[in-house]
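Notes for the one structure printed next.
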Amino acid sequence: MTPHILTRSLDRAATAFVLIVAAIGVLIPLSNLLLPQGSMFQVPTYLVALWGKYVCYAILALSIDLIWGYCGILSLGHGAFFALGGYAMGMYLMRQIGSRGVYGNPILPDFMVFLNWSKLPWYWYGFDKFWFAALMVLLVPGLLAFCFGWLAFRSRVTGVYLSIITQAMTYALLLAFFRNDFGFGGNNGLTDFKDILGFNVQAEGTRAALFLLSCLALIIAFLISRAIVASKLGKVLIAVRDAESRTRFLGYRVESYKLFVFTLSACMAGVAGALYVPQVGIINPSEFAPANSIEAVIWVAVGGRGTLVGAALGAVVVNYAKTFFTSGPLAPYWLFMLGALFILVTLLLPKGIVGTFNSWWEKARHSSPDADSAAREDGIGAPNAAE
Amino acid sequence: MNVMDTRATSAMLYLDGVHVSFDGFHAINNLSLALEPGEMRAIIGPNGAGKTTMMDIITGKTKPDEGTVLFDGTVDLTRLDETRIAELGIGRKFQKPTVFESQTVQDNLLLALNVDHSVRGTLFWRGSKAESERIDKVLETIRLTDARNRLAGSLSHGQKQWLEIGMLLAQDPKVLLVDEPVAGMTDVETHLTAELLKEINRNHTIMVVEHDMTFVRELGVKVTCLHEGSVLAEGSIDQVSSNERVVEVYLGR
Amino acid sequence: MFANCIDRFRALFLSILLLSCLTVPALAGPFEDSVAKFANDEFSDTEAAIGEVAASGNALASPIISALQDGRLSADPDSKKVFITRTDGKIVDAATGAAVDKLPDNAAAVRLNNRLRRTVEAALGGLTLLSPDPAKRLAAAQSVFKSHEENVLPTVESALAKESVKSVKQAFAEARAAIILFKSDASDSDKLDAVAVVKARGDQEALALLTALGADQPPLVANAAASAVSSIQSNLAMWSMVQNAWYGVSLGSVLLLAAIGLAITFGVMGVINMAHGEMVMLGAYTTFVVQEVIRSRYPALFDYSLLIAVPLAFLVAGLIGVLIERTIIRFLYGRPLETLLATWGLSLVLQQAVRTAFGPTNREVGNPSWMSGAFELGQITITYNRLWILCFTLAVFAILLAMLRYTALGLEMRAVTQNRRMAASMGIATSRVDALTFGLGSGIAGIAGVALSQIDNVSPNLGQSYIIDSFMVVVFGGVGNLWGTLVGAFTLGIANKFLEPVAGAVLGKIAILVLIILFIQKRPRGLFALKGRAVEA
Ligand SMILES: Nc1ncnc2c1ncn2[C@@H]1O[C@H](COP(=O)(O)OP(=O)(O)O)[C@@H](O)[C@H]1O
Ligand SMILES: [Mg+2]
C-alpha cells in the first residue's frame, strides 16, 4: 500500500528542488572554470564562494526547520552546532598549515606558539587526518546535542524554556571559545588556512569543488529530511508538535523522538559549518553569538517553516538581501530591515513564502473551503495555553 | 484485601486509598474503586468532583500523594509514566477532544494503531494490508470513511469526539477511559455513541465519565458517583439517583 | 629601659623644637640664609639646609623640598640665589616666592646623593605629617606606615601627641608602631605593643608589614608577630567572604532590577519579551537626555537628575511598552515562540534607532554627588552607587509587591496569571490587563535603566548584556512568583561572585550557565513554580 521510504519522500516539489540544486551545483562551478574571465556568463570566483556560503546557510536552515517546523522545538542555539562543526574543520585546516605558519612550527598552530605552548593539547590530536576531522564534524555537535537533549527532553523542558536554555548554551560556548587558554585560538579563532586534502583552499578549482560539495550536502540533507518527514516518524513528530501529551498517551516515547531529530539536526548543522569554514576562510567565536542563531531561525520563518524547501529558500533570500543591503548605501538601515522582517513575517506571513504559496495553490486547485486550515502552527509549552 | 495471592486483586483496575492535593487543595480524597475485567462502569459526579483527575492518576499524568493504583492486579501504575501505561494497554479519550488537527483523519488513526512505537519502527515503517484494513474498519465504525482524507482540525466537535473514540479503537487497549464522550453531541449522536460503547464493551473494559443522565441510563451499567474526590455512592443508575446524598450533591443543599 | 627613656626625651625635645619652629615662624631666623646654603653645592650644606628649611615652618618649605626631590630646585652659585621651577613651568625665587622670568644661565640643579634623598623623604614626610589639613596628615601617616622610616619617628610621636582628629590619631599610632617594629634598638615590650597595634589594624597592609618583619627578631616578638599574622589572615579571609557576599548582593540587585519586569510580563502573559533589554536601554538614555538638559539649562539641579529621570524613564519605556503590546504582541497570544521572534526583531529595531539618534558610542551619564564616593565598612569598601541601587531595587520590589497585592490592577493581574479563561469569563478585560501589564513590565525595565546608567556604559548594546542574565533569573526563580525572581536574582548574583575568585570571571559565568541548564532539568519550571492546570502545556 505504501511505497518505499525513498520513493515516498520524493514528491514533485522535492524532485524539482533536488534537480534545481543539482543544476546550480554543476553550472556555477562550470561557468566559473570553463568560460573566459569577464565573459557575461562567467561567475566570478568571489561569487562562487559567496553562494557557497549561502548553500551552507541553507543546510543550517534545513536543520532548524526539521526540529522547529516538524517537531515544535525552537532552538535558539543551533549556531553552536554549526560553529562546532566549523571548528572541527578549522582544526583540520590549521594542522594542514604545518610549518608554513608564521612561526614555522611543524606541529603547533601559530596561536599556540604565540601563547608559548610547548605541546599540542590532547583534543587537537588526530585532527591532522581528514577522516578524523570529518568524523568529529558529525560527532561533536551530535554528542553535545545528544547530551543536552537527553537532559532537557527527559525532564520535559519545552517551549520557550527550551529556547532560552539553548540560547544559554550557545552563549556559554561563546564565552568559552573567547578564552585563549581554551585552546581554539581565542578571539581570533582559526584562520590563514592553506590547503584542504592537498588542494590550495584559495584556488578556483578548490572553490568550485567546495561549492559542488556544498550543493551535494544540501541535497543529501534535504533527502534525509524529506525521508524523515514523509515517514510515519514524520507524522509522529507533527503529532508531538501539535499535542505533545496526547502523543504520550498513545504510547509514543516523545523524548526519544525529540532526541533523535534534535541530534540529527545538530549533525546536519555541523556539516554545514564544516563546509562553510574553508569557503569563508575563518572561524571565530562570534559564530556562537546568540544573535546568529536567532537570525537563522528567521530564515526558516521567512521561507516557511515545516516545508523544508522554504527553509533553504529563506536562507538564500535573506542572506542575499543582507549582502545586497549591507554593501550598499543602505547599510545603516539593514538592522531596521532585519528587525522589521522578524516582526512582519511573524505577524503577516506566519506560513512563510512557501507555506503561503502552498495554501494559495491548494485553494486555487480545489477551491474547497477546508484546505487552507492546513497549517496549524502553535508553539508548544505556552505557560498560558490553558488545558 | 487478600495479600496471599500474587495478584492482589482480580480487578482490571484497582484504586485504593488514593489521595492527591494541588497546592493544599485536596482534589482526590481516599478514593477506592475497582473495575472488573470486561466491565463497563459509568462515573458521574458534579464538576470538580475529581473524575478527570482520577483518569490523570490512572494514566500517569498525575502522581498520587498516597494510595495504591494497580492494573491487572499486579502492575503498580504510580511508578510508570504515560508512555509505559499506554503501552500496557490503557487508552484514554480526553474531556476536551484532542486529535492531531493538522493531520488527516486517516493519519490520526494510523498514529493510534498499536504497532511498533519506537523511533526505528516508525522511521522504517511500511504499511501492511492488515493495518489498512483495520483503519478502514475503524473508519466505518466511527462513520468517518468519507472524511478520511480531511484534516482532523476541520471536523465538527462531535466528529472529533468520534475520531478520538476511533483512535481508542485503533489503539485497541485492554482498558478504555472515556471522559465525557457525548459533550456537545446531538441526541442522535449521543444514542449512537452509547451503542458504540456497548459494542466496544464486548471485548474491552471501559470506564466512562459522563454528566448526561439519559446517556448513562442508556448504557445500563453500574454507576459510581464521585464527590469531592471520593466515592459517594455506587450501584445501578436507579439506586444511585435515588440516593439522598447524591440528590443533595446534585441539587445543592 | 634607660636608653628608651633617653630616646623618648630626645624625641620630645626634637618635636618641641620642630613645633616651636612651626608655630612661631619669626623665630626661624633668616630663612633666606638657610635657603642660600643650597647654592653651595656641598652635600653637607644641603643637608643642613634641608633640616633648617623643614624646620622653618615657612610656607615655601614644602615646595622647596619637593622641588629638591624632583630635581626642580636650581641654584646660581654666583648670586647664591635659589629657584624653584614649578610643575607648571613657572619659576619662582625660593627664598621669597617672587616670580622670576627665567633661570640665570649658570643656574644648575641642586644635586642629591642617596643618603640625602632619604633625608629629603623624611623631611617631606615630617612636613606633611604636620600639615594643617587632616586629610594630608592622614595620607602622610599612612605612607609612613608603609615606609616605616626610622628618622621620622620623633615627628610622628609629636604629631600623635597633638592630634585631635580620631582617625588621624589612630593612623599616627599605627605609623609609630610600624616604625618601632622595624627599629633595631626598640625594646621587646615596645615591639610587642607595636605588634598589637598593627594586629588591631588587621588589613592587607598590616599583614604585609608583619610578614616583612625579618626572622632576626627576638623570639618573643617573632612569636607574637606570627600569631598576629595568622589571626589577620583568618580575619582577612572572613572579610573577603563578606566582600564577595556584598559584591554578590550588589550584582543580585542589578539582576533583580533587570529581571523583575521580565518576570511580570512572562508570569502574567506568558510572553517572552526579547526587547526587554532595550527597554532598559531606553531608560538609560532617558537619564542621559535628562542630564543633558539639566547640564545645559539648570546645572544646579544636577543632583536631582536621577529623581527626575526615574518617573520619566518609567513613562517613556512604559508607553513604548503599551504601544508594542497593542501593535504587535496582542496578535501573537498563544504563540509564544513567534512572540519571541517578533520581540527579537523589535529589539534590533530599537537598538538601531538609538544608534542612529545618539550614535554608536558610549554616552556619558554622570553620578550625582550623593551617588559618588565610597565608605569603608571594616575591611571592605562600599560604593554609594551600589548601595543606592540595592536600596532602590528593594524599594521597587516592595512597591511592586504592594501594588500586586492591594490594587485593582494587581488583583486582576494575579487572576489572569492563575487562570486566564476564568478571569475573562468573570468579566476582567484581559486585553486591557495585558496592555497594562506589558506597560508596567516595560516601565520597570526603564527604571532599571536609570539605575544601570550609574554603573554601566550607556550604549545601544546596554540591554543586550543583561537580557540573557535576566532570562536566567526568571527561569531559575520560576514564573509567576516575584519572590522566586528575588531569590533567583540574589542566588545567581552571590553564586557568581563566589565562583569568580575560584574559577575566574568567564569560567564562573559559564559554570553558572551550565548549572542553570542542569537545574532546569530537575525543576523545569523553576524554583518557585506555580502548579496547577493553568500553567500546563
Ligand atoms: N493540575 C491541577 N492543578 C490544580 N488543580 C487541579 C489540577 N487538576 C485538577 N485540579 C482541581 O481538582 C479538582 C477536580 O478537577 P477535575 O478532576 O477536573 O474534576 P471533574 O473532571 O470531576 O469535573 C478541580 O477543583 C480542579 O480545579
Ligand atoms: Mg472533568
Side-chain angles (χ1 to χ4, degrees), chain A residues 68 72 74 76 148 150-152 154-169 171-173 175-176 178-179 181 244-245 290-291 294-295 297-298 301 332-348 350 377-387, chain C residues 266-270 272 274 328 331-353 355-356 416-417 419-421 464 468 471-472 474-475 479-480 504 506-507 509-510 512-514 516-518 520-526 530 533-537:
Chain A
W68 185 35
L74 176 57
L76 297 184
F148 186 89
W150 191 75
L151 287 168
R154 203 185 41 135
S155 13
R156 306 198 180 169
V157 179
T158 52
V160 286
Y161 286 90
L162 189 82
S163 304
I164 288 173
I165 60 167
T166 51
Q167 191 180 26
M169 173 193 77
Y171 184 60
L173 284 169
L175 294 178
F178 261 121
R179 289 174 64 91
D181 55 9
E244 175 167 340
S245 76
I294 300 190
E295 220 176 295
V297 169
I298 206 66
Y333 302 100
W334 166 246
L335 278 181
F336 283 126
M337 289 187 250
L338 185 64
L341 194 66
F342 273 92
I343 299 169
L344 295 179
V345 164
T346 46
L347 280 183
L348 306 177
E377 299 99 331
D378 253 2
I380 295 177
N384 281 336
E387 66 118 42
Chain C
F266 193 28
V268 178
M269 308 161 64
I272 273 289
M274 295 294 263
I328 298 174
F331 302 105
L332 295 171
Y333 283 129
R335 291 159 61 192
L337 301 181
E338 276 90 338
T339 314
L340 196 152
L341 293 179
T343 48
W344 172 265
L346 196 71
S347 80
L348 293 183
V349 171
L350 288 173
Q351 272 177 52
Q352 190 62 14
R355 203 171 283 133
T356 313
V416 174
T417 314
N419 192 334
R420 173 169 290 267
R421 262 197 220 157
Q464 288 288 298
I468 289 188
F471 279 147
M472 291 301 118
V474 173
V475 164
V479 171
V506 178
L507 278 185
K509 189 146 194 172
I510 296 173
I512 293 278
L513 287 175
V514 171
I516 292 178
I517 292 175
L518 291 178
I520 291 191
Q521 324 295 330
K522 275 269 150 264
R523 304 195 62 144
R525 301 206 176 269
L530 279 183
R533 290 187 175 171
V535 294
E536 273 171 26

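So you know, we letter chains A, B, ... as the sequences are listed, proteins then strands, and number each from 1.
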For A:Trp334, does the CH2 atom sit with more than 12 other heavy atoms under 6.0 Å from it, leaving out its own atoms?
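Counting other residues, nucleotides and ligands, CH2 of A:Trp334 exceeds 12 neighbours.
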Give a yes or no on whether A:Phe336 atom CZ has more than 12 heavy-atom contacts from other residues, nucleotides or ligands under 6.0 Å away.
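Counting other residues, nucleotides and ligands, CZ of A:Phe336 exceeds 12 neighbours.
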Does a side-chain heavy-atom distance below 4.5 Å link C:Leu337 with A:Val160?
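C:Leu337 vs A:Val160: side chains touch.
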Do A:Phe178 and C:Val506 come within less than 4.5 Å of each other through their side chains, counting heavy atoms only?
no
Most chain C-contacting option - heavy-atom pairs closer than 4.5 Å, from A:Ser155, A:Ala168, A:Ser163, A:Ala340
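Answer, by heavy-atom pair count under 4.5 Å with chain C: A:Ser155.
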Among A:Val157, A:Leu162, A:Leu173, A:Ile298, which residue forms the greatest number of heavy-atom pairs with chain C at distances under 4.5 Å?
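Highest number of heavy-atom pairs under 4.5 Å: A:Val157.
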To the nearest 0.5 Å, what is the distance between [atom1] ([X]) and [atom2] ([Y])?
X	Y	atom1	atom2	answer
A:Leu74	C:Glu338	CG	CD	8.5 Å
A:Ile165	C:Met472	CD1	CE	8.0 Å
A:Leu335	C:Leu350	CG	CG	12.0 Å

Does any heavy atom of chain C fall under 4.5 Å from the side chain of [X], the backbone, both, or neither of them?
X	result
A:Met337	neither
A:Ala152	both
A:Leu76	side chain
A:Trp68	side chain

Walk me through whether A:Phe342 and C:Leu346 qualify under side-chain contact (heavy atoms from CB on, under 4.5 Å).
CA-CA 8 Å; A:Phe342 273 92; C:Leu346 196 71; over 6 Å; no
Just so I understand: if I count every heavy-atom pair under 4.5 Å between each of C:Phe471, C:Tyr333, C:Phe331 and chain A, which residue has the most?
C:Phe471
Shorter than 4.5 Å, heavy atoms on both sides: which option in C:Thr339, C:Ile468, C:Ile272 has the most such pairs with chain A?
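Most heavy-atom pairs within the cutoff with chain A belong to C:Ile468.
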Checking heavy atoms, do the side chain of [X], its backbone, both or neither come under 4.5 Å from chain A?
X	result
C:Leu332	side chain
C:Ser347	neither
C:Ile512	neither
C:Leu341	both

Between the side chain of C:Gln352 and the main-chain N/O of A:Pro332, is any donor-acceptor distance below 3.5 Å?
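Yes.
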Suppose we screen for side-chain contact (heavy atoms from CB on, under 4.5 Å). Which residues come up paired with A:Glu295, at least two apart in sequence or across chains?
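So A:Glu295 forms a side-chain contact (heavy atoms from CB on, under 4.5 Å) with A:Trp299, A:Lys322, A:Leu338.
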